[in-house]
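A quick write-up on the structure given underneath.
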Amino acid sequence: MYIYDEYDNSILRQRVAQFRDQTERFLAGSLPPEQFLPLRLQNGLYVQRLAPMLRINVPYGMLNSTQIRKLAHIARHYDKGYVHVSTRQNIQFNWPDLTEVPDILSELADVGMHGTQSSGNCIRNTTSDQFAGVAEDEIVDPRPYCEIIRQWSSFHPEFAFLPRKFKIAVTGSEKDRAAVQVHDIGLQIILKDSGEIGFKVYVGGGLGRTPVIGSVIREFLPEEDLLPYLEAILRVYNLSGRRDNKYKARIKILVRALTPEVFAQKVEAEWENTKDGYSKLTRAEIERAKSFFTEPAYETIDNAAAQAAVDAQAAESVAFSKWLQRNVRGHRVPGYAAVTLSLKPTGVAPGDITDSQLEIIANLADEFSFGEARTTHEQNIVLADVKKSDLFTLWQKSKAAGFATPNIGTITDIICCPGGDFCSLANAKSIPIAEAIQRQFDDLDYVYDLGDIDLNISGCMNACGHHHVGHIGILGVDKAGKEFYQVQLGGSASNDASLGDVLGPSFGAEVMPDVIQKLVNVYVENRTAEELFIDTYRRIGATPFKERVYAKAN
Amino acid sequence: MPKLIKDGAIIENTWELIAKPEGDAAEVAVPAGHVIVPLSVWIAQKAQLQTRNDVGVWLDSDEFAEDIGEEANRFPVIGVNFPGFMDGRAFSTARLLRERYGFTGEVRAVGNFIRDQLCYLRRCGVNAFAFANPEADLEVALKSLADFSEYYQASVDQPLPLFRRRA
Ligand code: HEM
Ligand code: SF4
């Protein structure tokens with residue numbers, strides 16, 4: 001994991017001091033609210049329905065146990081004892097007191113954490129694959145590049161007042177788990193036969209009110225050109241992005257207005273001027289960044305023997321075997337596995353973790369995974385480096401802490417925004433809908449039989465819950481002051497990225513579990529062997545689903 | 001005379017800023033003495049104005065460094081305007097004036113930028129700050145120039161990114 005050095009630390013300290021001064025000026029009345037607003041957003045501070053919300057960056061999802069304990073401490077002393085994992089891998093506090101935020105940020109700085117640029121019209125936290133570095137299908141570890149981007153984008157003087165927010169994601173595996181095609185810039189790492197590393201560059205993806213799948217503007221960007229090329233994209237956007245209308249200000253609108261081809265030409269022309277300047281990466285810098293993401297001290301393990309022992313334990317315990325099936329996945333190192341701790345037990349808001357649970361995660365990370373954990377964009381936590389021989393003990397301990405719900409990737413592993421319970425922009429509640437659906441699908445064998453289904457819920461069209469890219473997406477809508485839910489089918493955030501199609505008129509909250517059940521029934525009746533929900537939908541289209549859901553009684 | 005911040009000090013402002021004309025830019029009367037004219041006035045009256053060495057130009061946020069381009073160094077001062085402080089185009093414009101067009105004169109932020117942007121503006125090559133608000137406390141604003149002392153990325157005041165300087 002990247003460790004902050006004296007430079008990172010002094011920059012961060014100066015930022016905390018700057019924000020403390022800004023907060024004091026605001027509280028004293030000498031900094032007007034409209035000026036304080038973007039400044040506080042650039043430090044992660046929203047003002048919400050019930051209280052402020054503070055969003056803390058977790059760069060590409062990586063946390064060490066010291067940082068996790070610090071988050072627990074802050075949740076306990078400054079908040080109401082819990083935090084929330086967001087779809088951008090960040091950690092959110094829902095109840096901080098404005099006057100205490102500088103102190104919170106100062107405490108976070110002690111462990112190399114911050115909320116800088118986690119909101120506002122600037123380059124946000126760069127996200128990635130939660131299995132980076134350990135995935136069996138990984139081509140190149142994306143984390144060193146994410147860290148290089150983190151440093152370049154942090155406090156970038158030219159791009160702190162962009163037309164709108166700006167999000168970058170990087171993936172280095174065959175299967176995209178970072179949703180790169182729905183980011184302002186998505187980078188897919190390519191390894192050529194010659195050994196040359198570079199990026200396929202997507203631009204102009206995003207969700208929200210106008211969802212768009214990104215366009216490829218460059219098939220191969222050599223790795224050393226990363227920063228000048230990103231800078232060229234950002235500069236074109238900063239100068240040409242629309243500023244007259246907030247809803248048309250994202251880069252996706254510019255890319256569409258110009259066409260991806262013309263946009264790419266502008267970027268290439270801009271880049272031509274800077275490509276061989278000082279921002280071009282050096283071999284030494286790439287190696288330095290990589291040096292932080294080397295292998296932990298893995299033991300040499302006989303994988304066959306380790307697997308046989310796990311299989312024997314699984315044969316003894318159905319519950320353990322279910323957990324193995326859904327929450328544990330392969331690892332590129334023999335004898336190891338990657339474990340997902342589920343934050344989605346029924347009845348808990350998806351992504352919520354209490355202070356004492358955070359401490360348990362820190363302990364589990366120390367005991368089983370070299371002191372590190374990762375947040376995921378599906379709002380779970382990953383322990384990436386667990387010895388197979390430890391799986392049974394880890395399962396027992398995580399079960400006791402409430403993290404062992406064996407539902408990863410299933411219909412009850414719901415991505416869900418805070419919705420009307422917390423968010424002042426919401427049109428409808430999301431959390432109770434997630435809970436009602438989890439209750440509807442409480443038979444695990446049945447849920448397993450359904451296989452992988454992404455079900456995503458957002459409380460409004462801002463799409464924090466990624467409803468457009470759920471196989472089943474649910475969007476809260478407001479009709480004459482009443483809460484309703486629109487259903488979309490066929491979205492995907494993976495390599496085959498697609499946006500869902502609206503099924504038809506929206507539904508009241510009380511019928512939602514039944515509606516989802518009917519959709520699932522249509523799938524079960526129509527699927528071929530091995531076919532996932534999304535594939536059946538793509539094959540048979542929306543009509544059978546519509547007919548079932550909107551059929552008149554009798 | 002109003003004051004401004006230039007090169008880290010508070011000094012008298014000796015330049016008069018001419019507002020953008022409502023009508024024909026060719027009709028605008030450009031007074032004698034130090035004046036900073038809108039780009040449209042410069043373009044319309046270039047024949048007369050180019051003989052003077054006390055004329056600067058200012059760019060609005062929808063006007064770009066390339067609109068001046070290689071001509072930049074004929075001006076003693078180029079203003080970059082902030083219609084509102086959230087309009088961040090001037091950051092790129094200033095940087096391009098310095099880095100692409102090699103402008104060595106004064107780059108002056110004008111309009112509604114705020115004190116909390118000074119450090120970033122300086123990094124983008126702005127060396128003079130004329131606040132639209134006459135009440136702005138320049139002594140206090142001066143302090144914001146020192147908000148940061150170390151930076152990750154390349155910029156005008158430190159062309160070497162940190163990764164080329166890190167020991
Ligand atoms: C409760 C406070 C929150 C507020 C006020 C808020 C506000 C917003 C707004 C205004 C947008 C729309 C931006 C646009 O037009 O593109 C947005 C988008 C988004 N938010 Fe939130 N949000 C909140 C919580 C969350 C949470 C809890 C998550 C994660 C679960 C989240 C993740 C996202 C994501 C991923 C987008 C997607 C936009 C895109 O990629 O285009 N937000 N949010
Ligand atoms: S999708 Fe809407 S309701 Fe949900 S968190 Fe985002 S802004 Fe709030």
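So that the names make sense, note that chain A is the first sequence line, chain B the second, and so on, each numbered from 1.
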Is the backbone of B:Asn81 close enough, under 3.5 Å, to the side chain of B:Asp60 for a donor and an acceptor to pair up by distance?
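Looks like no, no N/O pair under 3.5 Å.
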A:Thr282, A:Ile11, A:Leu281: which one forms the most heavy-atom pairs within less than 4.5 Å of chain B?
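That would be A:Ile11.
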Given the rule in the salt bridge (Lys or Arg N to Asp or Glu O under 4.0 Å) test, do A:Glu223 and A:Arg283 qualify, once you have shown the distances and angles that lead to the verdict?
CA-CA 10 Å; A:Glu223 57 178 341; A:Arg283 200 65 246 157; 2.9 Å; yes
Would you mind checking which part of [X] comes under 4.5 Å of any heavy atom in chain B, side chain (CB onward), backbone (N, CA, C, O), both or neither?
| X | value |
| --- | --- |
| A:Glu6 | neither |
| A:Thr274 | side chain |
| A:Leu31 | side chain |
| A:Leu39 | side chain |
| A:Leu227 | side chain |
| A:Gln151 | both |
| A:Gln18 | side chain |
| A:Arg13 | neither |
| A:Asp5 | side chain |

Return yes if a side-chain donor-acceptor contact under 3.5 Å exists between [X] and [Y], otherwise no.
| X | Y | answer |
| --- | --- | --- |
| A:Tyr229 | A:Glu268 | yes |
| A:Gln117 | A:His156 | no |
| A:Arg243 | A:Asn238 | yes |
| A:Gln22 | B:Asp116 | yes |
| B:Glu71 | B:Tyr101 | no |

At under 4.5 Å between heavy atoms, what parts of residues 139-164 of chain B are in contact with chain A? List them by residue number.
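Those residues of residues 139-164 of chain B which have a heavy atom under 4.5 Å from chain A are B:Asp147, B:Phe148, B:Ser149, B:Glu150, B:Tyr151, B:Tyr152, B:Gln153, B:Ala154, B:Ser155, B:Pro159, B:Leu160, B:Pro161, B:Leu162, B:Phe163, B:Arg164.
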Under 4.5 Å from a heavy atom of chain A, the part of B:Leu121 involved
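For B:Leu121, neither part sits under 4.5 Å from chain A.
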Is [X] salt-bridged to [Y], going by a charged N under 4.0 Å from an acidic O?
| X | Y | result |
| --- | --- | --- |
| A:Lys290 | A:Glu287 | no |
| A:Lys275 | A:Glu224 | no |
| B:Arg89 | B:Asp62 | no |

For A:Phe292, the option from A:Tyr4, A:Tyr60, A:Tyr2, A:Tyr145 that meets ring-ring contact (aromatic ring centres under 6.0 Å, His included)
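Single pass found, and it is A:Tyr2.
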Would you verify whether the NZ or CZ of A:Arg209 falls within 45 degrees of the ring axis of A:Tyr247 while also being under 6.0 Å from that six-membered ring's centre?
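Here A:Arg209 passes the 6.0 Å and 45° test against A:Tyr247.
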I need the residue from B:Arg166, B:Met86, B:Arg100 with the largest number of non-hydrogen atom pairs under 4.5 Å to chain A.
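Most pairs with chain A among the choices: B:Arg166.
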